[in-house]
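Atoms considered below: every heavy atom in the structure, side chains included; atoms not considered: hydrogens, waters and symmetry mates. Letters go in sequence order (proteins before strands), and every chain restarts at 1.
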Number of protein chains: 4
Amino acid sequence: MIKVGVVGGTGYTGVELLRLLARHPGVQLQAITSRGDAGMAVAEMFPSLRGRVDLRFVTPADAELDRCDVVFFATPNGIAMQQARELVDKGVRVIDLAADFRIRDVAEWQKWYGMTHAAPELVAEAVYGLPERNREQIRSARVLANPGCYPTAVQLGFLPLIEAGVADLSHLVADAKSGVSGAGRKAEVHTLFAESADTFKAYGVPGHRHLPEIRQGLAGMAGKAVGLTFVPHLTPMIRGIHATLYVRLTQDVDVQGLFEARYRGEPFVDVMPAGSHPETRSVRASNMCRIAVHRPQGGDIVVVLSVIDNLVKGAAGQAVQNMNIMFGLNETLGLDIVPVSP
Amino acid sequence: MIKVGVVGGTGYTGVELLRLLARHPGVQLQAITSRGDAGMAVAEMFPSLRGRVDLRFVTPADAELDRCDVVFFATPNGIAMQQARELVDKGVRVIDLAADFRIRDVAEWQKWYGMTHAAPELVAEAVYGLPERNREQIRSARVLANPGCYPTAVQLGFLPLIEAGVADLSHLVADAKSGVSGAGRKAEVHTLFAESADTFKAYGVPGHRHLPEIRQGLAGMAGKAVGLTFVPHLTPMIRGIHATLYVRLTQDVDVQGLFEARYRGEPFVDVMPAGSHPETRSVRASNMCRIAVHRPQGGDIVVVLSVIDNLVKGAAGQAVQNMNIMFGLNETLGLDIVPVSP
Amino acid sequence: MIKVGVVGGTGYTGVELLRLLARHPGVQLQAITSRGDAGMAVAEMFPSLRGRVDLRFVTPADAELDRCDVVFFATPNGIAMQQARELVDKGVRVIDLAADFRIRDVAEWQKWYGMTHAAPELVAEAVYGLPERNREQIRSARVLANPGCYPTAVQLGFLPLIEAGVADLSHLVADAKSGVSGAGRKAEVHTLFAESADTFKAYGVPGHRHLPEIRQGLAGMAGKAVGLTFVPHLTPMIRGIHATLYVRLTQDVDVQGLFEARYRGEPFVDVMPAGSHPETRSVRASNMCRIAVHRPQGGDIVVVLSVIDNLVKGAAGQAVQNMNIMFGLNETLGLDIVPVSP
Amino acid sequence: MIKVGVVGGTGYTGVELLRLLARHPGVQLQAITSRGDAGMAVAEMFPSLRGRVDLRFVTPADAELDRCDVVFFATPNGIAMQQARELVDKGVRVIDLAADFRIRDVAEWQKWYGMTHAAPELVAEAVYGLPERNREQIRSARVLANPGCYPTAVQLGFLPLIEAGVADLSHLVADAKSGVSGAGRKAEVHTLFAESADTFKAYGVPGHRHLPEIRQGLAGMAGKAVGLTFVPHLTPMIRGIHATLYVRLTQDVDVQGLFEARYRGEPFVDVMPAGSHPETRSVRASNMCRIAVHRPQGGDIVVVLSVIDNLVKGAAGQAVQNMNIMFGLNETLGLDIVPVSP
């Protein structure tokens, strides 16, 4: 049994991690930390976990995280980078669900995240945990940077076209829509029900923190920089990301075949039949990414539709998938969840 | 492995049954029937089941249901009563998720359901599948009447008070609120999104079909007729039932202790700590019923709050629970789902 | 033109007041105060008011409220009681949308609201602004206590039965459901979209601040104390309150006729035809209260369904209605809004 | 007073038209037809109109539409084209809210709408009712083609850039999101609440009927054909369209100034300050279109955000605006509605 610690279990990625770990047959949950709520039973804060998680939140000091095999950071940005060094030195592997280790260019990271990075040397060795791109490097990662939610949906949608070299890289468009849980469990006015229900809006058009992460990923696939316009939107639903991608082809190609070939054998990417329109609820509560590819009116513009559950494949589920890979377990262990629909 | 057939797999209770059966380690799904959609892959209609259910809908004639050990009817009212006789005679056990076998008084049933009953003799032998009341009789049932969604939430909430003889039976009030999936997957105007979102209403106040079912159940607990006012409401959420029950006590009693004692050991009833307010999402996608009991200002009125997922404990999940009991399996097999929250 | 000031215009009752006052032909909006947002254009915070309200928020000091004819307090509880004295002494009439002047028993108020009352002598002279009960007193009110949202829906539903003396007053049940805007525009976790969408729950069962207000109102109608159980619930919709009331009749009576007679001529109470089930969206954005009355199965239990928009008839609209009465205007002026449906 | 008839008043555009006309000071509502519901009081079907619309639905034969000054068709596609000729010949002006007269190329129309056009000669004289483009022609129109909902939001967003000749016309992208009321009030499975709540999906990617309408409009602005990719999406909200447009500039230009200049004086187009993100609820229930323009990171890609209420500026409101223009009334008469928010 893998001994697991969770730092920061009171947000949505934290409770989702607990939902998944509570039924994972290969792990033993050792400790869940929360500075603010230490002493409280986890199931008191999250009644959905009554009878499934018997732990109480503990302070980081009481957590004895160095006795774990792996520690998940489900914390705000800037926490993991302060604590990872000590854990790694003691042989504990670290999976960060925040953004601390995602951007290889530390200066770029500091610009977008507005703080000085505390562990640049760990950025250098960290592995970006998109298994469909980096499965081999993930196996031996000591520090794993779990991808952001938008970056997961967007990169998986662009990947086959860019790797195949058939995309006009100068003008990629990613129009992405997220459920409100993506904004986290912080008390803020703009994500109140009465503010975000029955309405729809874009946000962060001048620049969103996931933009450099996506650009880095796409550039890695392309071998050079790409021109990307990324617009995120807030949708009145709880979970789910729907990315609509627009790509001009530079050559004629069987895009359906291209996607099917690239993702054959991937346990968590489902290329749907031609003509499909995946909806977010078809993956709700599961680690699946479903993708459909269109060429409207047979022209040279490809429209890719890519959906994930932002809290699962876009956060906690992908983190567990990465843990499975890192520890040599079956990659789908604990993740065989049938999506909840309706 | 138990060989299972499903008649009528295209509604919400049908697809929910498939979600549960697809990952149940003790069953083998043999056939799913649909007159209208025979030939279509189940996963084409329900993309959430892609990769999990490989069957196609077949006509009843092609289903060879008599080779099953058990057949679930996830059909409209009036279907199971026509087909159950033949199956039972061949040794196939029947679980009806509709209302055909729920009301023991056939004349009463015919009044509320507006049709002539095709198999009154099966009503006589049918077992009402509320395990917390009838576990022993369920074990040997050949025809199982799976309870309605409202009746499950309401009966479990009243049960300890009525069994203990401390309730004023002349004036019980059950104010119940259901998510819209309870209305089924039929194309109707009043359950369109634009009709039922961002609004709230009561319906069926003059009389709802679940009223005689609840009255029968409560009378069974009380040993005599009860005076019940039952008002269902439509709530703009997908899943969930919240029943708020009002009972006048006839004697002073420790109601919290009463409920805890009655449900101790029940795998799917969770009596929450005093002062709790269970919400429907704390059981979403799971087979749990969570209950809290209040005595506002210490008076003689008890308020019971009882929540279930209408498609699971209120339909498909309870049906699987009943199947587990009928076939001597662990009662929780295939039902160990952590509720999905948020 | 009536000169109007608004204290605390940044919450939901505040912006709703602005929506109504912006198009009211008899008023001139003089000043809107906000300590925290002084200097900001109102339409910057509320883009829905762009082109309709050109004012900026000002500090209370800069607002020159004493030059207004009437000042609305759309503030948290405890503010109006500190500022009303000075305004009243200068001849400015005060309409408080919060609870400071609603409860005549100051000790009771202090118990439920947890603070010492700053102006008990104004409580004594304040008029409770439920026009259907107190229209005459409202005309000359200097301090008007605008009723709470639940109390409005619940009192209007019980009123004809209690005034007529046909209700069993020992056991009244009010099961009320509110949209989330009723919780206000404060940043809190439990009213985040991801917390309150697609779920349903009761709250405040041990005791809600609107309970003493309703009890006081019903006792006033009855001429004696009443036994009331009041349970509020949070519903995943933005606006709307649906109160479901349960009353045992003490004598046989034509309840439909009773309600129609009592509310004949009331501009904002609509008694629907027998058998109706009003839904909250049938009054959305309007000042109407729609009521339907049922006697299920012809028994002695009456079920009253009463719906309002919590921000209009339950707050800002009723405040404007009261202002119209206080200043001798047509009671419906500025309130002739057709409900928005769907 | 303008005498008005409405053909087909039972859908969402019909009831919205009634909401607007009921309070329009310049019109007299003469008749509302419905074949299926003739005889029923309008306010019985739509309780929100109780006390505001006293008419009953009548059959077309009983409606005496030829005595009206103008007749609105709020009917499915293919109805107005059969009845308009007779009305026009009698001097009655026709406003069609469906698509019968929107596409000037009759063959193209027939391809997309799958029927033979019954009145091609009326197509030739019909005026496309986008006032911001065609105000002058609208004044004298006998047959007015009211624009589709998506085409309104998309064309108003592209218009300033295309008219100014600064857009790369070879690759325009319109990613549009609609509330579910856009799908109409027909009983269909895919727009049930339990199907379309808490989920998000694209639809019609291979080709949507609004594509040729938008292409025609943009080509009219550009003076030549344009390359447009249009992807509509279904969003779990009742009302609202959000169009996100992506345009490559062919020359450097002050886009904010361009939009402000083009729409100066337009009563129903609001160009928001630079940096804004309009949300659909900022126009809910009103005839406004709000637009914001961005150039992310100062590059050559312009992102335009354009929001409308699909039932008002996208249907009934724009139809009333057109009527006002056609009859020489103040263009905003009856349309001075403050958006409902929250």
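- Of the two parts of Ser178(B), neither the backbone nor the side chain holds a non-hydrogen atom closer than 4.5 Å to a non-hydrogen atom of chain C.
- Considering only residues two or more places apart in sequence or on other chains, Asp175(C) meets the salt bridge (charged side-chain N to carboxylate O under 4.0 Å, His left out) condition with Lys177(B), Lys177(C).
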Go through the steps for His233(B) and Thr244(C) under the test side chain to side chain donor-acceptor pair (under 3.5 Å), then give the verdict.
-> CA-CA 10 Å; His233(B) 301 75; Thr244(C) 312; 2.8 Å; yes
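- Contact annotation for Arg295(B): neither backbone nor side-chain heavy atoms come within less than 4.5 Å of a heavy atom of chain C.
- For Phe193(C), the ring pair (Phe, Tyr, Trp, His ring centres under 6.0 Å) partners are Phe193(A), not counting sequence neighbours.
- Proximity to chain C involves both the backbone and the side chain of Phe200(B), based on heavy atoms less than 4.5 angstrom apart.
- The residue among Ala292(B), Gly299(B), Pro342(B), Pro236(B) with the most heavy atom pairs within less than 4.5 Å of chain C is Pro236(B).
- Of all residues spanning residues 268-283 of chain C, those with a heavy atom less than 4.5 Å away from chain B's heavy atoms are His277(C), Pro278(C), Glu279(C), Thr280(C), Arg281(C), arranged by number.
- With sequence neighbours left out, the side chain to side chain donor-acceptor pair (under 3.5 Å) criterion links Arg262(B) to Glu163(B).
- Chain C forms more heavy-atom pairs under 4.5 Å with one residue of Leu234(B), Ile238(B), Leu305(B), Asp300(B) than with any other, namely Ile238(B).
- For Val205(B), the parts lying near chain C are the backbone and the side chain together; criterion is any non-hydrogen pair under 4.5 Å.
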Could you walk me through whether Ser286(B) and Asp309(B) pass the side chain to side chain donor-acceptor pair (under 3.5 Å) check?
-> CA-CA 7 Å; Ser286(B) 86; Asp309(B) 183 319; over 6 Å; no
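- Heavy atoms of Leu211(B) lying under 4.5 Å from chain C belong exclusively to its side chain.
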